[in-house]
Chemist: 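So that we are looking at the same thing, I have put the structure below in structure tokens.
Since we're looking at a predicted model, the values are computed, not measured.
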Protein chains: 2
Amino acid sequence: MKKETRQEEIIRIAARLFKEKGYSAVTMRDLAAEMGIKAASLYNHINSKQYILDMIIITLAEKFTDGMQQIQSSDDNCIGKLKQIIELHVKLSSQNIYGMASLNNDWMHLAEKRDYYKKLRSNYEEDFRSILEEGIASGEIVNEKPEVMMFSILTTLRSLYIWIPKKEDLNLRELSATLNQILIKGINK
Amino acid sequence: MKKETRQEEIIRIAARLFKEKGYSAVTMRDLAAEMGIKAASLYNHINSKQYILDMIIITLAEKFTDGMQQIQSSDDNCIGKLKQIIELHVKLSSQNIYGMASLNNDWMHLAEKRDYYKKLRSNYEEDFRSILEEGIASGEIVNEKPEVMMFSILTTLRSLYIWIPKKEDLNLRELSATLNQILIKGINK
DNA sequence: TGAACAAACTAACAGTTGTTAGTTTAATGT
DNA sequence: ACATTAAACTAACAACTGTTAGTTTGTTCA
């Protein structure tokens with residue numbers, strides 16, 4: 001396990017503050033105070049406030065993209081792929097509780113990286129939708145509107161970061177299984 | 001239909017801006033520009049920026065509380081009540097697209113009204129949970145953790161405001177029906 | 001016609017914002 | 001022992017923040 005750099009520490013603390021109050025409401029002085037230093041000292045390690053947000057969001061968004069690519073290239077059927085997607089979200093959400101908040105709520109404050117983020121997200125949704133459509137075509141899942149199914153599943157998975165920290169004794173494997181039951185069995189024929 | 005006061009107009013426009021950028025990132029000068037006036041002129045109609053947020057969030061939160069009370073006092077069974085809850089969210093979300101964004105993302109920027117809001121929300125969730133527990137006890141719904149079921153359904157319903165505006169030709173009655181199928185049939189025995 | 005009023009305006013305030021420049025401090029490796 | 005370097009510091013900046021005070025404009029109605 002490599003030791004965390006000072007920059008990584010700043011970004012980690014920033015993500016926690018961004019989750020509580022949102023990017024715009026957190027000042028560099030807030031962040032510095034939380035680190036126990038002065039605001040100006042932050043700039044020995046990062047270029048700008050914007051850079052912190054970019055790092056938090058883009059790094060995490062790319063992990064979802066990577067995960068989805070792996071799932072797509074597996075030879076599982078539709079239901080199996082959906083199960084893998086649930087596990088991906090449970091894993092990444094539990095490992096990046098604070099980052100998920102920025103990903104969901106502060107992406108609009110990205111600057112140059114905003115279009116790139118939106119591209120990643122729409123690609124992800126497209127992949128998701130095509131998995132559902134294949135499942136409908138092959139008769140694996142019910143013939144409801146794939147848009148609404150995706151919306152329902154994806155918003156639940158995207159909100160896991162709110163909910164996971166509230167459960168102190170949480171078994172992630174068990175959570176995946178329960179979500180699988182609740183989200184899929186309503187779809188499965 | 002009573003004509004909208006200037007204050008109501010300001011609050012309506014503010015809610016739209018808050019949805020796009022969040023409460024903290026919207027300045028009184030942004031809001032004034034959108035109204036076609038100067039920032040100082042806003043204060044002929046409202047006391048403070050805070051007041052605008054209070055009105056948006058509390059007004060809407062109380063509508064949910066009222067709706068839930070009506071549902072609880074109905075003599076429907078569990079599944080029927082869940083269906084009513086879905087319809088309540090579809091109705092209030094479609095009528096308050098912008099307000100729902102503040103309700104979900106900016107409630108932490110409430111000041112004096114923050115505790116009151118949190119109380120309304122926890123009461124709402126308690127009512128929701130007890131409906132599910134009754135359903136489990138009576139054998140109407142599957143015996144999965146009510147916490148996870150509530151989380152899954154509620155986060156989907158709370159995110160409708162993101163999704164509804166993207167569908168231009170949206171039949172609300174049909175949306176309720178589809179959500180009912182997707183969210184409930186996974187629970188229904 | 002003129003009083004009353006709603007609603008805009010200009011000008012300014014005190015505090016906060018992200019950020020830069022230049023300097024000091026303490027630990028590290030030769 | 002000394003040069004290097006990481007990481008803190010103080011001081012300051014220009015721009016922006018929510019908000020107040022006092023004034024002007026235009027419409028309504030007695």
Chemist: Figure out the CG/P separation between B:L42 and C:dC9, and round it to whole Å.
Modeler: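 Result: 10 Å.
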Chemist: So if I take every side-chain heavy atom of B:R6 and compare against C:dG18, C:dA7, D:dT17, which nucleotide ends up nearest?
Modeler: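 Nearest to the side-chain atoms of B:R6, counting from C-beta on, is C:dA7.
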Chemist: Please tell me if B:H45 has a side-chain N or O lying less than 4.0 Å from either OP1 or OP2 of C:dA7.
Modeler: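 Checking C:dA7 against B:H45, a side-chain N or O does come within under 4.0 Å of OP1 or OP2.
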Chemist: A:Y43 OH to C:dG18 P: how many Å, rounded?
Modeler: 7 Å
Chemist: Do any side-chain nitrogens or oxygens of B:K49 fall under 4.0 Å of OP1 or OP2 in D:dG18?
Modeler: yes
Chemist: Of the listed nucleotides (D:dC9, D:dA12, D:dG18), which one gets closest to any side-chain atom of A:R29?
Modeler: D:dA12
Chemist: For the pair made of CD in B:E9 and C1' in C:dA6, what is the distance, rounded to whole Å?
Modeler: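 In whole Å, C:dA6 C1' lies 14 Å from B:E9 CD.
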Chemist: Distance check needed: C:dA7 C1' versus B:Q7 CD, whole Å only.
Modeler: 14 Å
Chemist: Tell me if a side-chain donor or acceptor on B:K49 pairs with a main-chain N or O of B:V26 at a distance below 3.5 Å.
Modeler: yes
Chemist: Taking the six-membered ring of A:W107, is the NZ or CZ of A:R114 close enough (under 6.0 Å from the centre) and on axis enough (within 45°)?
Modeler: no
Chemist: Find the distance A:L31:CG to C:dT17:P and express it as a whole number of Å.
Modeler: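 Value for this atom pair: 13 Å.
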Chemist: Run through B:L160, B:I153, B:I184 and flag the one making a side-chain contact (heavy atoms from CB on, under 4.5 Å) with B:L179.
Modeler: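 When side-chain contact (heavy atoms from CB on, under 4.5 Å) is applied between B:L179 and each of B:L160, B:I153, B:I184, only B:L160 qualifies.
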Chemist: Tell me whether A:Y98 at atom OH has more than 12 heavy atoms from other residues, nucleotides or ligands lying less than 6.0 Å away.
Modeler: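 It does not: A:Y98 OH has 12 such atoms or fewer within range.
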Chemist: Rounded to the nearest Å, what distance is computed from the CE atom of residue A:M28 to the P atom of nucleotide C:dG18?
Modeler: 7 Å
Chemist: Between C:dG18, C:dC9, C:dA7, which nucleotide gets closest to the side-chain atoms of B:I37?
Modeler: C:dC9
Chemist: Considering only side-chain heavy atoms of A:A40, which listed nucleotide, D:dA7, D:dT10, D:dA21, is closest?
Modeler: D:dT10
Chemist: On a plain distance test, is the side chain of B:N44 in donor-acceptor contact with the base of C:dA6 below 3.5 Å?
Modeler: no
Chemist: Can you tell me the distance, in whole Å, between the CD1 atom of B:I52 and the C1' atom of D:dT19?
Modeler: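 Computing the B:I52:CD1 to D:dT19:C1' distance gives 12 Å.
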Chemist: Choose from C:dA8, D:dT20, D:dA8 the nucleotide whose nearest atom is closest to any side-chain atom of B:S41.
Modeler: C:dA8
Chemist: Grab the CG-C1' distance between A:L53 and C:dG18 for me, whole Å please.
Modeler: 15 Å
Chemist: So do B:F64 and B:H89 actually touch side chain to side chain, heavy atoms under 4.5 Å?
Modeler: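 Yes, side chains in contact.
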